[in-house]
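These notes are about the structure you will find just below.
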Amino acid sequence: MASIVLKDLSKTFGKVVAVDQVNLTIQDGEFFALLGPSGCGKTTTLRMIAGLETPTSGTIFIGDQDMTNCNPRERDVAMVFQDYALYPHMTIEENVGYPLKVRRINQAERKQRVTDVSNNLGIGSLLERRPGQISGGQQQRAAVARAVVHHAQVFLFDEPLSNLDAKLRFESRGFLKHLQKELQITTVYVTHDQAEAMALADRIAIIDHGKVAQVGSPQEVYLRPQTVFVASFLGNPPMNLLPCKLDLAKRQVQINGSQIDVSQVSQINGIKTLVSEGENLSLGIRPEHISLYAEETAQAFPAELYVTQPLGSEVLVTLQVAETTVSVRLFTDEPPELPRRVWLKPDPKRILLYRTDGNLVA
Amino acid sequence: MKRYRKRISSVLYYVFAVLAIAFFGLPLLWLILTPFNSRASLAVEIPTAPTLDNFRAVFQNKFAVQALTQNNLIIAIGTMLGVTLIASLAAYALSRARIPGRNAMAYTLMLFSSVVTGTAAMVPIFLIIMGMGLIDQHLGVILVLIGGNLPTAIFMMRDFVDDIPASYEESAMISGASPFQIFKDVALPQVRPGMMVVAVWSFVNAWGAFLIPFILLRSSDKLPASTAIYSFYTEAGTPNILLVSAYALLYTLPVVVFYLLVNWKYGFRFFGGIKR
């Protein structure tokens with residue numbers, strides 16, 4: 001049980017800045033996800049917490065103790081690797097028991113704890129096998145068992161689900177979340193899969209080029225992305241971003257020849273000090289917050305139909321607005337008959353405005 | 001026309017294959033058959049009346065027998081142990097540490113290996129060993145052979161170590177294992193097949209080494225088999241082919257047995273394995 005504090009943490013490899021002045025506070029018992037595209041520095045951050053990389057500068061506290069230059073073994077952390085790193089020459093029992101063995105826990109207690117944990121995780125019948133003889137999902141559970149068995153104060157996960165197929169990944173997600181809630185151990189979870197981060201984490205940090213772009217609960221980062229990067233990284237399909245021109249006096253923006261009222265945008269009251277008349281902005285709106293009309297409608301802008309994709313419980317409509325591609329999600333199980341030209345009306349309460357430098361107008 | 005050409009090329013292919021097999025196979029066949037013959041010949045002939053007399057004669061030559069059963073074993077096992085141990089540790093370091101230009105280093109080492117035990121370095125090697133007072137001692141021979149075999153051995157070992165994901169060691173590190181525990185429990189079992197390859201390879205090299213023992217050893221009771229084989233030559237310098245071939249067969253056997261043993265126990269494989 002411990003909180004983790006990263007202070008001005010940086011790591012450079014030669015001239016490449018992998019992690020750039022990261023400041024994060026992870027609460028005791030929290031499930032915290034580091035989310036970002038590959039190569040953004042999230043794994044390097046995790047490895048620095050684990051003690052496998054030495055920071056170029058900055059400090060790492062685990063449970064109020066400065067651990068910046070400590071060995072991994074002094075940090076009392078447990079880690080599940082992307083490739084699971086189960087030792088191929090040991091049985092599952094030996095693998096799971098290895099952290100206990102190096103801690104010189106006697107054989108009887110070792111066996112007891114390994115059996116308990118393994119039964120708990122549903123791999124109790126596989127203890128005699130070797131890693132090569134069990135399936136990917138079972139290997140993943142064995143790796144988790146090895147991490148759980150010695151009651152570390154912090155769990156570190158490095159993309160533990162990326163080697164599983166889609167169905168198994170969904171199952172394992174529930175299993176990991178349940179386990180973490182049960183054990184209440186501080187967890188840092190690295191993933192490039194936004195659905196995984198959203199589903200699992202109490203809070204998410206979105207990392208972009210070694211910097212923290214935004215930290216917040218899944219709802220916060222999804223509904224109010226602070227930057228265009230976060231907006232276009234989260235969501236499947238991501239948030240629509242439409243170039244528009246601001247009419248400050250009328251509190252309107254112009255998109256594709258139509259006027260859209262933005263007076264309900266939450267940051268609009270202070271907007272005079274933030275933006276100027278006629279400034280070019282981006283209007284951000286999630287695909288599920290757009291209504292679709294076959295005829296011209298007030299507060300809606302015209303769009304050309306490109307393609308519709310029925311997905312079972314919903315229909316995904318892709319359209320062209322001038323040069324921009326826009327996605328609309330319709331919650332219907334019947335693919336609608338649509339004319340070539342339709343009108344899109346964004347939910348006025350859900351509209352977000354971004355400046356050209358990518359930051360939310362706020 | 002095309003079919004005709006195809007047939008010609010396949011005929012040529014078989015002719016070439018037969019010639020190649022004969023070229024490499026006949027001397028081996030000679031080596032296996034001649035010792036059981038009662039009549040010396042350089043032709044490959046199946047003995048009409050097989051005999052073990054040649055082996056009896058060989059065993060009467062105490063000097064040659066001692067070369068094979070003592071001196072050769074000391075030199076080969078000593079070299080094998082030294083090369084395998086040092087190469088494993090060096091390859092491990094070379095593979096894991098982030099040293100700039102480590103590839104260039106490995107290739108340069110590789111080039112040096114042929115120089116060290118080659119004829120070019122004979123005089124300096126002799127002087128160095130002389131200066132160390134190791135002339136006419138097995139240790140001198142072993143040290144030179146270790147030095148000569150190490151670069152290639154390191155190169156081979158590094159390939160094996162490179163194939164082992166670093167996450168095994170990292171996982172052990174996080175589990176709380178000490179560096180020695182990591183080496184013993186995790187790294188060593190993984191590189192064992194590679195160590196076996198290097199062990200067999202360095203054993204064979206030392207077993208068959210001629211030049212270095214020939215230069216560095218003086219007393220006849222310390223010579224290995226590669227030089228002791230000259231005791232089957234007459235004073236005039238003509239070889240007794242029957243005895244030479246019998247001795248050569250005995251000289252070859254341990255290497256073959258050693259290889260088969262390692263192959264059976266660990267499975268002999270070169271350069272890594274299939275990805276998991």
Side-chain angles (χ1 to χ4, degrees), chain A residues 13-14 43 46-47 49-54 70-90 94-105 130-134 136 139 142-152 154-160 163, chain B residues 88 91-93 95-105 157 159-199 262 264-269 271-276:
Chain A
F13 295 103
T43 296
L46 190 80
R47 289 169 61 85
I49 299 174
L52 296 172
E53 304 278 356
T54 318
C70 288
N71 286 326
R73 55 193 308 216
E74 296 168 87
R75 300 187 184 211
D76 195 19
V77 298
M79 183 160 169
V80 176
F81 289 79
Q82 185 169 10
D83 59 6
Y84 311 139
L86 294 168
Y87 314 126
H89 57 283
M90 297 186 192
E94 288 163 342
N95 263 289
V96 174
Y98 190 69
L100 303 177
K101 189 182 160 200
V102 298
R103 284 177 166 74
R104 300 189 197 292
I105 286 165
R130 286 178 200 279
Q133 299 166 319
I134 62 178
Q139 288 180 5
V144 172
R146 185 173 62 185
V148 169
V149 78
H150 70 89
H151 307 305
V154 171
F155 279 166
L156 306 172
F157 289 94
D158 185 10
E159 309 233 11
N163 285 340
Chain B
S88 306
Y92 199 71
S95 169
R96 290 298 187 254
R98 287 183 194 138
I99 307 166
R102 58 182 176 168
N103 277 324
M105 197 158 110
M157 271 312 284
D159 215 76
F160 279 95
V161 181
D162 277 346
D163 257 14
I164 303 166
S167 57
Y168 288 139
E169 292 135 63
E170 288 171 354
S171 163
M173 222 185 277
I174 289 176
S175 292
S178 65
F180 178 71
Q181 281 172 319
I182 295 172
F183 183 75
K184 178 174 72 80
D185 296 342
V186 179
L188 196 62
Q190 297 289 312
V191 296
R192 199 173 282 151
M195 289 174 76
M196 287 304 142
V197 170
V198 169
V262 168
W264 165 69
K265 194 95 198 280
Y266 297 99
F268 207 8
R269 62 187 179 100
F271 297 115
I274 297 157
K275 287 274 174 276
R276 290 148 289 269

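Per chain, numbering begins at 1; letters A, B, ... match sequence-line order. Quick note: numbers below take in every heavy atom, side chains included, and nothing from hydrogens, waters or symmetry partners.
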List, with distances to 0.1 Å, the donor-acceptor pairs found between chain B and chain A - the cut-off being under 3.5 Å and no angle criterion applied.
residue, atom, partner, partner atom, Å
Ser167(B), OG, Asp83(A), OD1, 3.0
Ser167(B), OG, Asp83(A), OD2, 2.8
Glu170(B), OE1, Arg47(A), NH1, 2.9
Glu170(B), OE2, Arg47(A), NH1, 3.4
Glu170(B), OE2, Arg47(A), NH2, 2.8
Ser171(B), OG, Tyr87(A), OH, 3.3
Ser171(B), OG, Arg146(A), NH2, 3.0
Ala172(B), N, Tyr87(A), OH, 3.2
Ser175(B), O, Arg103(A), NH1, 2.4
Gly176(B), O, Arg73(A), NE, 3.2
Gly176(B), O, Arg73(A), NH2, 3.4
Asp185(B), O, His89(A), NE2, 2.7
Asp185(B), OD2, Tyr98(A), OH, 2.8
Gln190(B), NE2, His89(A), ND1, 2.9

Minimum side-chain heavy-atom gap [X]-[Y] below 4.5 Å:
{"X": "Leu46(A)", "Y": "Phe157(A)", "result": "no"}
{"X": "Leu156(A)", "Y": "Val154(A)", "result": "yes"}
{"X": "Pro99(A)", "Y": "Val149(A)", "result": "yes"}
{"X": "Val144(A)", "Y": "Pro160(A)", "result": "no"}
{"X": "Val148(A)", "Y": "Phe155(A)", "result": "yes"}

Side chain / backbone / both / neither for Ala166(B) at chain A, heavy atoms under 4.5 Å:
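Nothing of Ala166(B), per the 4.5 Å heavy-atom cut-off to chain A.
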Just to verify, what does Met195(B) make a side chain to side chain contact (heavy atoms under 4.5 Å, CB included) with, not counting sequence neighbours?
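Result, side chain to side chain contact (heavy atoms under 4.5 Å, CB included) vs Met195(B): Thr84(B), Ser88(B), Met157(B), Leu188(B), Val191(B).
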Start with the C-alpha distance between Ile174(B) and Phe81(A), add both sets of side-chain angles, then the distance that settles side chain to side chain contact (heavy atoms under 4.5 Å, CB included), and finish with yes or no.
CA-CA 11 Å; Ile174(B) 289 176; Phe81(A) 289 79; 4.1 Å; yes
Segment of Leu100(A) engaging chain B (4.5 angstrom heavy-atom cut-off):
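It is neither, since no heavy atom gets under 4.5 Å.
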